[in-house]
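Report on one structure; see the data block that follows.
Note that the numbering runs from 1 along the sequence shown for the chain. The analysis underlying the following values was restricted to heavy atoms, covering all of them including side chains, and did not include hydrogens, waters or symmetry mates. Both ligands and their constituent atoms are indexed starting at 1 by order of listing.
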Amino acid sequence: PPDVEQLGRATWTFLHTTAAYYPDKPSPTQRANMLNLLHSLPILYPCSWCALHLGQEMKVHPPDVSNRVRLSRWLCERHNDVNVRLGKEVFDCAKTDERWKDGPPD
Ligand code: FAD
């Protein structure tokens, strides 16, 4: 079976980075493809209990793909769902761009 921790770090890196560079004004095609990507995760993510939990959270909190800021915020909150469940520190979603796009301020 896959290493759930390593898989998780790699997947969060991909998802947060992709959200950080998602357009401010996405086209209908970009929105539809982002929705497809996110809705694929509960079906295909190769950690079955992770996939199950994510699917449950996505039913309560449907993805917001309307723009870059909203998508990044939604994803941060879903990651925090997992952080809380695992007893990890909750991440400050105001720092999402600093972590995944801009780097630390100088
Ligand atoms: P990670 O949680 O992997 O985070 C990587 C980096 O992201 C952090 O160092 C931090 O800089 C940044 N970060 C942290 N929180 C946020 C946030 N809210 N927003 C933006 N950036 C943030 N593991 C399980 O054991 N059980 C599960 O049920 C489970 N479900 C998962 C569901 C999904 C969809 C994914 C992608 C992963 C899941 N994992 C699960 C894996 C888990 O979330 C972690 O990836 C893994 O435990 C490694 O944790 P980490 O402490 O190295 O940092």
Side-chain angles (χ1 to χ4, degrees):
D3 178 334
V4 169
E5 296 225 331
Q6 206 230 244
L7 175 68
R9 279 188 290 271
T11 304
W12 289 125
T13 297
F14 166 65
L15 290 175
H16 288 298
T17 307
T18 303
Y21 289 87
Y22 186 72
D24 293 320
K25 292 182 179 172
S27 68
T29 304
Q30 286 168 322
R31 290 185 197 214
N33 280 283
M34 180 54 74
L35 270 183
N36 277 335
L37 171 64
L38 297 172
H39 283 301
S40 299
L41 292 172
I43 298 167
L44 295 173
Y45 193 67
C47 157
S48 51
W49 64 89
C50 306
L52 195 75
H53 280 125
L54 181 65
Q56 289 168 347
E57 293 292 350
M58 284 175 64
K59 276 192 185 138
V60 185
H61 307 282
D64 186 342
V65 299
S66 53
N67 63 46
R68 188 189 84 75
V69 169
R70 287 187 177 182
L71 176 63
S72 298
R73 163 67 61 154
W74 177 85
L75 192 62
C76 179
E77 288 169 354
R78 302 292 70 74
H79 193 164
N80 275 335
D81 294 338
V82 180
N83 290 341
V84 167
R85 200 150 36 74
L86 298 181
K88 292 179 193 275
E89 215 174 302
V90 171
F91 186 89
D92 177 0
C93 291
K95 299 207 162 134
T96 302
D97 274 3
E98 180 183 325
R99 172 67 178 88
W100 297 107
K101 189 166 187 272
D102 301 331
D106 38 36

Nearest protein heavy atom with distance in Å, relative to atom 43 (O) of ligand 1: Trp12 NE1, 2.9 Å

Selection from His79, Lys95, Glu57 by shortest heavy-atom distance to atom 22 (C) of ligand 1: His79

Within 6.0 Å of NZ in Lys95, more than 12 heavy atoms from elsewhere: no

Nearest heavy-atom neighbours spanning Tyr21 and Trp100: CE1-O, 3.9 Å

Atom indices of ligand 1 within 4.0 angstrom of Thr11 heavy atoms, with elements: 36 (C)

Where ligand 1 meets Arg85 - atom numbers and elements under 4.0 angstrom, heavy-atom basis: 27 (C), 28 (O)

Heavy-atom side-chain proximity of Leu52 to Gln56 below 4.5 angstrom: yes

Location of contacts on Leu41 toward ligand 1, heavy atoms closer than 4.0 Å: neither

Polar proximity ligand 1 side, Thr96 side, N/O cut 3.5 Å exclusive: no

Shortest protein contact, atom 27 (C) of ligand 1 (heavy atom only): Cys50 SG, 3.4 Å

Closest heavy-atom pair and its distance - Val65, Pro26: O-CG, 3.7 Å

Non-hydrogen atoms of Pro42 and Ala51 that approach each other most closely: O-CB, 3.6 Å

Under-4.0 Å heavy-atom contact between protein and atom 8 (C) of ligand 1: no

Per-atom contacts of ligand 1 with His53, taking only distances under 4.0 Å to non-hydrogen atoms: 28 (O)

For atom 15 (N) of ligand 1, closest protein heavy-atom neighbour: Asn83 ND2, 3.0 Å

Spacing of CG belonging to Leu15 relative to OH belonging to Tyr22, to within rounding of 0.5 Å: 13.5 Å

Heavy atom of the protein closest to atom 12 (C) of ligand 1 (residue, atom name, distance): Trp100 CZ2, 3.7 Å

Minimum side-chain heavy-atom gap Tyr45-Leu54 below 4.5 Å: no

Verdict with supporting geometry, Asn80 and Asn83, side chain to side chain donor-acceptor pair (under 3.5 Å): CA-CA 5 Å; Asn80 275 335; Asn83 290 341; 3.1 Å; yes

Residue Glu5 vicinity, atoms of ligand 1 by number, heavy atom under 4.0 Å: 46 (C), 47 (O), 48 (C)

Closest heavy-atom pair and its distance - Leu75, Trp12: CD1-CZ3, 4.2 Å

Those atoms of ligand 1 less than 4.0 Å from some heavy atom in Cys76: 17 (C), 18 (N), 19 (N)

Selection from Arg9, Gln6, Glu77 by shortest heavy-atom distance to atom 48 (C) of ligand 1: Arg9

Atom of Ala20, atom of Arg68 and distance for their closest heavy-atom approach: O-NH1, 3.1 Å

Asn80 neighbourhood, listing ligand 1 atoms whose heavy-atom distance to it stays under 4.0 Å: 18 (N)

Taking atom 26 (N) of ligand 1 as the reference point, the nearest protein heavy atom with its distance: Trp49 NE1, 3.3 Å

Taking every non-hydrogen atom, the tightest pair across Ala94 and Arg73: N-NH2, 4.5 Å

Side chain, backbone, both or neither: Arg78 near ligand 1, heavy atoms under 4.0 Å: neither

Shortest protein contact, atom 10 (C) of ligand 1 (heavy atom only): Arg99 NE, 3.9 Å

Whether over 12 other heavy atoms sit under 6.0 Å from Arg70 CZ: no

Shortest protein contact, atom 50 (P) of ligand 1 (heavy atom only): Lys88 NZ, 3.7 Å

Location of contacts on Leu86 toward ligand 1, heavy atoms closer than 4.0 Å: side chain

Enumerated ligand 1 atoms positioned under 4.0 Å from heavy atoms of His16: 19 (N), 20 (C), 21 (N)

Intermediate values then yes/no, side chain to side chain donor-acceptor pair (under 3.5 Å), Arg99 and His16: CA-CA 9 Å; Arg99 172 67 178 88; His16 288 298; over 6 Å; no

